[in-house]
Amino acid sequence: YLEFIIKDADGNYFNLTGASATLQVKKYGESTLRIDGSCEVHEPLLGKCRYLYQDDLPPGDYQAELEIVDNSGFKFITPTFTIKVVADLP
């Protein structure tokens, strides 16, 4: 799993009760999403969600963001962050 803790601008946990979360990831310099999948909200009051990663991303740097849709349909998008994928040990 890739696990995320969502907080607001003041550092408070973002309440994910009744919300859905989607992880979107693309490699720097590319326009195609490598990941566009639903996250499991598993501790909503603590802003926790996770994505079950089952693919193979080539080593490199990736841009990512989470899209949160609350129970009223309002959409929040996190600031873009970097995921670095490193090669396995031989």
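What you see is a predicted model, and the numbers here were worked out from it, not measured in a lab.
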Item to complete: Report the distance from atom SG of C39 to atom CD1 of I68, rounding to the nearest 0.5 Å.
Response: 7.0 Å

Report all side-chain donor-acceptor pairs from residues 73-84 shorter than 3.5 Å, counting only partners two or more places apart or in another chain.
| from | atom 1 | to | atom 2 | distance (Å) |
| --- | --- | --- | --- | --- |
| T78 | OG1 | L66 | N | 2.9 |
| T80 | OG1 | E65 | OE1 | 3.2 |
| T82 | OG1 | Y28 | OH | 2.7 |
| K84 | NZ | D61 | OD1 | 3.3 |

Worksheet item: Does F4 share a hydrophobic cluster with V25, counting links as ILVMFWY side-chain heavy atoms below 4.5 Å and allowing steps through other members?
Response: yes

Item to complete: Supply the atom-to-atom distance C49 SG to Y1 OH, rounded to the nearest 0.5 angstrom.
Response: 12.0 Å

Practice prompt. With sequence neighbours excluded, tell me which residues meet side chain to side chain contact (heavy atoms under 4.5 Å, CB included) with T32.
Written response: none

List the atom pairs, donor and acceptor, that lie under 3.5 Å between side-chain atoms in residues 14-24 and the rest of the protein, sequence neighbours left out.
| from | atom 1 | to | atom 2 | distance (Å) |
| --- | --- | --- | --- | --- |
| N15 | OD1 | T17 | N | 2.8 |
| N15 | OD1 | T17 | OG1 | 2.6 |
| Q24 | NE2 | D36 | OD1 | 3.3 |

Item to complete: Not counting sequence neighbours, which residues clear side chain to side chain contact (heavy atoms under 4.5 Å, CB included) with D88? List them please.
Response: none

Item to complete: For the pair Y53 and I35, evaluate side-chain contact (heavy atoms from CB on, under 4.5 Å) and give the outcome as yes or no after the intermediate values.
Response: CA-CA 9 Å; Y53 179 73; I35 296 174; 3.9 Å; yes

Worksheet item: What residues, two or more places apart in sequence or in another chain, satisfy side chain to side chain contact (heavy atoms under 4.5 Å, CB included) together with K48?
Response: E3, I5, H42, E43, L46

Fill in: Nearest atoms (heavy-atom pairs only) where Y13 meets G47
CB-N, 4.2 Å

Worksheet entry | Under 3.5 Å donor-acceptor, D8 side chain and D10 backbone | yes

Worksheet item: Hey, what else clusters with V86 if you join Ile, Leu, Val, Met, Phe, Trp, Tyr whenever side-chain heavy atoms sit under 4.5 Å?
Response: none

Discussion item. Could you go through Y62 and K26, starting from their C-alpha distance and side-chain angles, then the distance that decides it, and tell me whether this counts as side-chain contact (heavy atoms from CB on, under 4.5 Å)?
Written reply: CA-CA 5 Å; Y62 294 81; K26 69 178 185 171; 6.0 Å; no

